[in-house]
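Per chain, numbering begins at 1; letters A, B, ... match sequence-line order. Because only heavy atoms are used, hydrogens play no part in the values below, and waters and symmetry mates are left out as well, while side chains stay in.
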There are 2 protein chains.
Amino acid sequence: MRSASADPTTRERIRDAAVLRFARDGFGASVRSIATDAGVSPALVIHHFGSKDELHAECDEAVLAEIRKAKNESIDELAAGQSILHRFAAADEYAPMLGYVLRSLQNGGPVGQTFIEQMIEDAVGYTKHGVEAGLVKPSRDEPARARYLVLSALGMLMLEITLRPPEDPADLGAIVRDFLTTSYFPMIELYTQGFFTTRRMLDEYLLYVPDPPQDTATEPASD
Amino acid sequence: MRSASADPTTRERIRDAAVLRFARDGFGASVRSIATDAGVSPALVIHHFGSKDELHAECDEAVLAEIRKAKNESIDELAAGQSILHRFAAADEYAPMLGYVLRSLQNGGPVGQTFIEQMIEDAVGYTKHGVEAGLVKPSRDEPARARYLVLSALGMLMLEITLRPPEDPADLGAIVRDFLTTSYFPMIELYTQGFFTTRRMLDEYLLYVPDPPQDTATEPASD
DNA sequence: TTCAATGCTAAACACGTGTTCAGTCGGAGT
DNA sequence: ACTCCGACTGAACACGTGTTTAGCATTGAA
């Protein structure tokens, strides 16, 4: 996306315009609208990228590269347990990328896939740290828990944005920040005190299904 | 949808075909494909419904009506704390409806909206019962919790299905059942034992934000 | 029998889409 | 000066879309 140089290639300008339009309008956005945004003829878009699908693919790559870069640039914060989502929501410059990722999540595209996989991977690391530091309770199935936490958070965000889409997509950062703050309390409460008063449900499940997949199932003492 | 009579009107046949196609292919499904499914000419679809948008609207109504019916028919089970989701996943006959709802969730349509609102409303009732029965811990903000639980569960399901769409949409029931069972363990574990070992995060939040919106904030004794 | 209405269709229309084609412009290389 | 080549465009093409139109049957009423 926005390349470092102040005078980007026409090709880059087209790609950036495409990322933005895809983020705003979804991947159904027309080549013509992208061309107009880039101040260029539709034919030139095809001339440079061959087809709309290839343009889409290059946008995917560009966004993934940008994500990698953003993660590397903020390793410190991320190590502190903040998810990449907070990082993206923090600065409005990430709004297009964030929108693009959410669209890709919504359409089952590869960007969404790998984004989720990465977040799950990260979450496994965070919880591991948390457990070792004694801040987080161990789980009988850490990967399953990490997956559950990521999918529920991301899915919830997606739902929220789909149901109440931002009028101006530039506000996406603000909306995500809003989401993070309003969902923060019920989440923290649930994470802290749980939901049930009894262990009945869990015990019944453990009785019924002897043990979840033996991944990291080191059978931790039940607190 | 599948009307009670064994010999449905052509109009109903078209509507049912539309619900199915919309569920399978999303609301971008062409009038022609729907017409073919119903064994009818595209012109007849317009003749009966006026336009594709009106057809869409009538499908929405039909699905919402079906949902209401299904809920009324299974009040007993629902009172037991099972969500409507379990009910729909239980019988494959609900697969089209389920698919339609998920599509509507994905596209921010009115069906998705009201479906979610209803589920939240129900969840408030369930948790209230649970709290009174001593099975569920009270929350400082019950509506926020109910909303959180519903949105996270539904969003997660949506993500899952979007990322790994069923080959044969008729299997949707099976897939949802699968989802419910695999996500059951981490959910129950989280709900039972929580996530954090300390109350620090929650206490810090409560210190920072004196009190969440005074809805049902009856300031329950912190267990 | 005649008339009107209804269910229905084949064909076309208007439009938006991705893409192609022929050709113009401008600058670098020889 | 000449050529070549890439960036770039306007116009068109092929196609898929929702919708319209004209007309065909069939049915029930007058």
- request: Using a 4.0 Å heavy-atom cut-off, write out nucleotides 9-14 of chain D from 5' to 3' as B (base contacted by protein), S (sugar-phosphate only) or - (no contact).
  value: BB-B--
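- For B:His48, counting side-chain heavy atoms from C-beta on, the closest listed nucleotide (C:dC8, D:dG18, D:dA7) is C:dC8.
- With A:Ser51 contributing its side chain and A:Glu54 its backbone, the two residues share a donor-acceptor pair below 3.5 Å.
- For A:Asp25 and C:dG16, the CG to P distance is 16 Å, given to the nearest whole Å.
- Applying the side-chain contact (heavy atoms from CB on, under 4.5 Å) rule to B:Thr10 yields the partners B:Arg13, B:Ile14, B:Val40, B:Leu44; only residues at least two apart in sequence or on another chain are considered.
- Summarising the geometry, the separation between NZ on B:Lys52 and P on D:dT19 is reported as 8 Å, rounded to the nearest angstrom.
- Side-chain N/O atoms of B:Ser30 include one lying less than 4.0 angstrom from OP1 or OP2 on D:dT17.
- In this structure, A:Arg11 places its CZ atom 14 Å from P of D:dG6, rounding to the nearest Å.
- As a whole-Å value, the separation of B:Glu54 CD from D:dG18 C1' is 13 Å.
- Listed by first and then second residue, the ring-ring contact (aromatic ring centres under 6.0 Å, His included) pairs involving residues 14-33 of chain B are B:Phe22-B:Phe27, B:Phe22-B:His56, B:Phe27-B:His56, B:Phe27-B:Tyr100 (not counting sequence neighbours).
- Between the C1' atom of C:dT17 and the CD1 atom of A:Ile34 lies a distance of 12 Å, rounded to the nearest Å.
- Taking 4.5 Å as the limit, some side-chain heavy atom of B:Ile188 sits within range of a side-chain heavy atom of A:Phe196.
- With sequence neighbours left out, B:Gln106 forms a side chain to side chain donor-acceptor pair (under 3.5 Å) with B:Arg103, B:Thr162.
- Of the candidate nucleotides D:dC8, D:dG18, C:dT19, C:dT19 has the atom nearest to the side chain of A:Ser51.
- A search for side-chain contact (heavy atoms from CB on, under 4.5 Å) contacts involving B:Ile175 returns B:Ile161, B:Pro166, not counting sequence neighbours.
- Remark: A:Asp25 pairs with A:Arg21 by the side chain to side chain donor-acceptor pair (under 3.5 Å) rule, at least two apart or across chains.
- A:Phe49 has its CZ atom 13 Å from the P atom of C:dT19, to the nearest Å.
- Put simply, CD1 on A:Ile14 is 14 Å from P on C:dG18, counting in whole angstrom units.
- Across the protein-nucleic acid pair, B:Ile46 atom CD1 and C:dT9 atom P stand 13 Å apart, rounded to whole Å.
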